[in-house]
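Note that these values count all heavy atoms, side chains included, but never hydrogens, waters or copies made by symmetry. Letters go in sequence order (proteins before strands), and every chain restarts at 1.
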Amino acid sequence: MNLDVFNPRTPPAFAGAALAARRAHLVTEVAAQDGARLAPPRFRRRRHALLLAAALLALLATGSAVGVRMDWFDSFAPPEIKRIGPRVQVASSGEWALTAWKSTRGVCLGVLQAEEAVSSGCGFPVVGAAPDLMYPQQPPQHLVGGMYGSRVGNRLYAAGVVAEHVDRAEVELRDGRLIPLEIVEAPPELDLAVDFFFVADVKIASGARGAVRAFNALDASGLRLDRLEFPGLPPERPPRPSK
Amino acid sequence: MMRIGDDELWRLVQGGDAEAFGELFERHAPFIHRCCFRRTGDWARAEDLTSITFLEAWRRRDVSVGPDKVLPWLVGIASNVLRNERRALRRYAAALARIPDRTVELDFADDVGERVRCEEETRALLAALRSLPRREHEALALVVWEGLSHADAAFALGVAEQTVRSRLFRARRRLRKHAAGRDASSPVERTAE
């Protein structure tokens with residue numbers, strides 16, 4: 001048995017009748033219908049009255065975060081929140097990465113840049129997420145939850161959790177842009193029935209505060225299944241009249 | 001008939017030419033299948049993942065792929081499909097269910113025995129690589145196993161070339177360290193028949 005990891009045996013070629021059958025099948029499939037419709041819409045819209053109940057603990061990082069390590073997530077988490085499973089990287093984007101783990105407060109997310117901790121949050125009440133042992137409640141009804149922030153002021157990241165049957169997700173920025181998100185499955189070692197999304201390095205005009213209007217969860221046809229809306233910036237105070 | 005290049009073929013596919021798509025499939029499916037097989041150790045699953053990769057490519061045919069980048073682009077799609085296998089299989093379950101009876105694929109021309117041996121070997125190899133983070137495993141698979149250039153692997157994975165180099169470096173270092181921590185018969189380093 002050849003178990004040389006740097007020079008594995010070349011498997012037999014995918015060829016012959018099997019290849020021809022697959023080719024014929026594909027050509028028939030794509031000729032029969034538009035490719036975008038190959039993925040049939042499977043989920044009907046679900047209505048939810050409350051979308052703003054998502055627990056959010058986003059710690060916006062600053063320059064002082066430089067030099068901290070992964071254990072920042074443990075040392076800076078509120079002491080009552082205990083990690084109860086492995087911390088696993090679930091997605092990455094350039095030098096950014098998203099990690100996730102289970103805790104007594106439900107599923108937690110941790111954002112890293114260049115392998116340094118940037119922010120973390122726990123307790124996203126999404127269908128299939130780890131239960132919140134600290135504040136037991138009705139099983140979550142939401143299909144999307146998450147957090148966002150920036151590290152250097154004008155580079156936004158957004159991370160979150162979606163229910164398994166969500167096909168697509170997007171970030172809706174307050175400046176009107178819609179950023180489609182790649183959804184990634186939870187690694188098996190997390191033992192979670194949710195999926196994740198992560199996007200980083202999104203250019204924004206100024207600070208992250210109030211930059212995101214909402215996270216949307218969509219089905220395969222683009223129909224919105226759920227929406228997590230974030231409050232905008234409070235209106236500026238009028239200047240005090242001078243005496 | 002003169003064989004047309006991938007770039008021209010892709011332009012035909014973009015115009016909705018299903019036969020050109022079939023030609024593209026025939027040309028690159030063996031490579032994509034090998035990528036999928038070496039990441040799963042399962043021949044039939046790799047066939048389904050190959051089909052899904054191409055269905056996904058058709059769905060995204062409005063994408064303008066750069067010159068000589070059709071194959072790396074397909075490899076990138078395959079990497080995403082492998083990363084999100086459960087989701088991809090669910091998404092294309094209906095299309096896969098329409099594949100004609102698969103028993104016809106196992107005709108006598110196929111070397112079934114060799115295929116089974118290769119499956120066992122690949123699974124053992126994958127088990128030996130469990131210590132490797134997914135990103136490093138991907139870089140190793142594309143560059144070392146499939147022979148993509150660093151630039152093409154970077155294109156496929158959507159990262160900088162330097163990132164691929166550094167992931168490869170880390171993968172090698174990790175595997176060496178892992179092997180050093182085991183006895184001389186470590187499956188990572190051993191080559192035996």
Side-chain angles (χ1 to χ4, degrees), chain A residues 1-42 88-95 97 162 164-168 182-189 193 195-196 219-220, chain B residues 18-19 21-22 25-26 29-30 33-34 37-38 43 46-47 50-51 54-55 58-61 80 83-87 91-92 94-95 98-100 102 104-105 107 109-111 114-115 118 120-122 124-125 128-129 133-135 140 144-145 159-160 163 175 187-193:
Chain A
M1 198 178 254
N2 172 14
L3 291 179
D4 181 357
V5 73
F6 296 113
N7 191 22
R9 183 204 300 261
T10 304
F14 177 43
L19 182 70
R22 290 275 172 170
R23 174 185 170 150
H25 166 253
L26 273 187
V27 171
T28 311
E29 285 288 327
V30 302
Q33 53 186 305
D34 176 62
R37 295 190 194 125
L38 286 170
R42 294 175 306 281
V88 180
Q89 181 173 315
V90 295
S92 63
S93 173
E95 61 175 4
V162 291
E164 277 191 315
H165 64 269
V166 170
D167 281 293
R168 292 159 55 191
E182 187 196 345
I183 296 180
V184 291
E185 289 180 8
E189 48 276 41
D195 292 332
F196 297 90
D219 74 3
Chain B
E19 278 306 320
F21 184 65
F25 176 81
E26 193 154 343
H33 180 269
R34 202 173 68 205
F37 175 73
R38 279 179 162 162
W43 188 271
E47 283 190 11
T50 303
S51 286
F54 279 86
L55 287 169
W58 175 263
R59 192 173 72 82
R60 292 158 61 178
R61 65 187 181 279
N80 282 333
R83 244 176 260 152
N84 297 289
E85 188 179 337
R86 170 174 48 78
R87 186 171 281 274
R91 169 170 285 194
Y92 290 104
R98 289 191 284 270
I99 295 173
R102 298 174 194 203
V104 300
E105 296 166 17
D107 61 24
D110 291 329
D111 188 347
E114 172 68 3
R115 190 183 292 183
C118 240
E120 285 171 0
E121 208 168 277
T122 305
L125 208 56
L129 288 177
R134 192 190 65 204
R135 292 188 299 177
L140 183 87
V144 178
W145 295 354
V159 298
T163 306
L175 287 170
V188 173
E189 292 215 313
R190 183 183 53 177
T191 301
E193 289 300 323

Going from [atom1] on [X] to [atom2] on [Y], what distance comes out if it is rounded to the nearest 0.5 angstrom?
| X | Y | atom1 | atom2 | value |
| --- | --- | --- | --- | --- |
| Thr50(B) | Arg22(A) | OG1 | CZ | 7.5 Å |
| Gln89(A) | Arg134(B) | CD | CZ | 7.0 Å |
| Phe54(B) | Glu29(A) | CZ | CD | 15.0 Å |
| Phe14(A) | Glu47(B) | CZ | CD | 4.5 Å |
| Glu26(B) | Leu19(A) | CD | CG | 5.0 Å |
| Phe6(A) | Leu140(B) | CZ | CG | 6.0 Å |

Student check: side-chain heavy atoms of [X] and [Y] closer than 4.5 Å:
| X | Y | value |
| --- | --- | --- |
| Phe25(B) | Val27(A) | no |
| Arg86(B) | Asp195(A) | yes |
| Asn84(B) | Ile183(A) | no |
| Pro11(A) | Arg115(B) | no |

With no hydrogens and no angle check, is any side-chain donor or acceptor of Trp58(B) less than 3.5 Å from a backbone partner on Leu26(A)?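 Between the backbone of Leu26(A) and the side chain of Trp58(B) there is no qualifying donor-acceptor contact (under 3.5 Å).
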
If we ignore hydrogens and angles and just use 3.5 Å, is the side chain of His33(B) paired with the main-chain N or O of Ala15(A) as donor and acceptor?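 No.
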
Given heavy-atom pairs under 4.5 angstrom as the criterion, report whether the side chain, backbone, both or neither of Glu164(A) touches chain B. both

Measure distances from Thr10(A) to the heavy atoms of chain B and classify the residue's part below 4.5 Å as side chain, backbone, both or neither.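 Looking at Thr10(A), backbone and side chain both touch chain B.
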
Given a strict heavy-atom distance threshold of 4.5 Å, which part of Thr163(B) is in contact with chain A: side chain, backbone, both, or neither? neither

Proximity breakdown for Arg60(B) and chain A, heavy-atom pairs closer than 4.5 Å: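 Contact with chain A: none, neither part.
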
In terms of heavy-atom pairs under 4.5 Å, which option from [options] contacts chain A the most?
| options | answer |
| --- | --- |
| Trp43(B), Phe37(B), Phe21(B) | Trp43(B) |
| Cys118(B), Pro30(B), Gly22(B) | Gly22(B) |
| Arg135(B), Arg83(B), Arg34(B) | Arg135(B) |

Determine the minimum heavy-atom distance between Arg38(B) and Arg9(A), stating which atoms define it.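 Heavy atoms of Arg38(B) and Arg9(A) come nearest at NH2-O, 3.0 Å.
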
Can you tell whether the side chains of Arg87(B) and Glu185(A) come within less than 4.0 Å, N to carboxylate O?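 Salt bridge flag = no for Glu185(A) with Arg87(B).
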
Taking Glu19(B) first and then Arg23(A), would you say they form a salt bridge - that is, a charged N and a carboxylate O separated by under 4.0 Å? yes

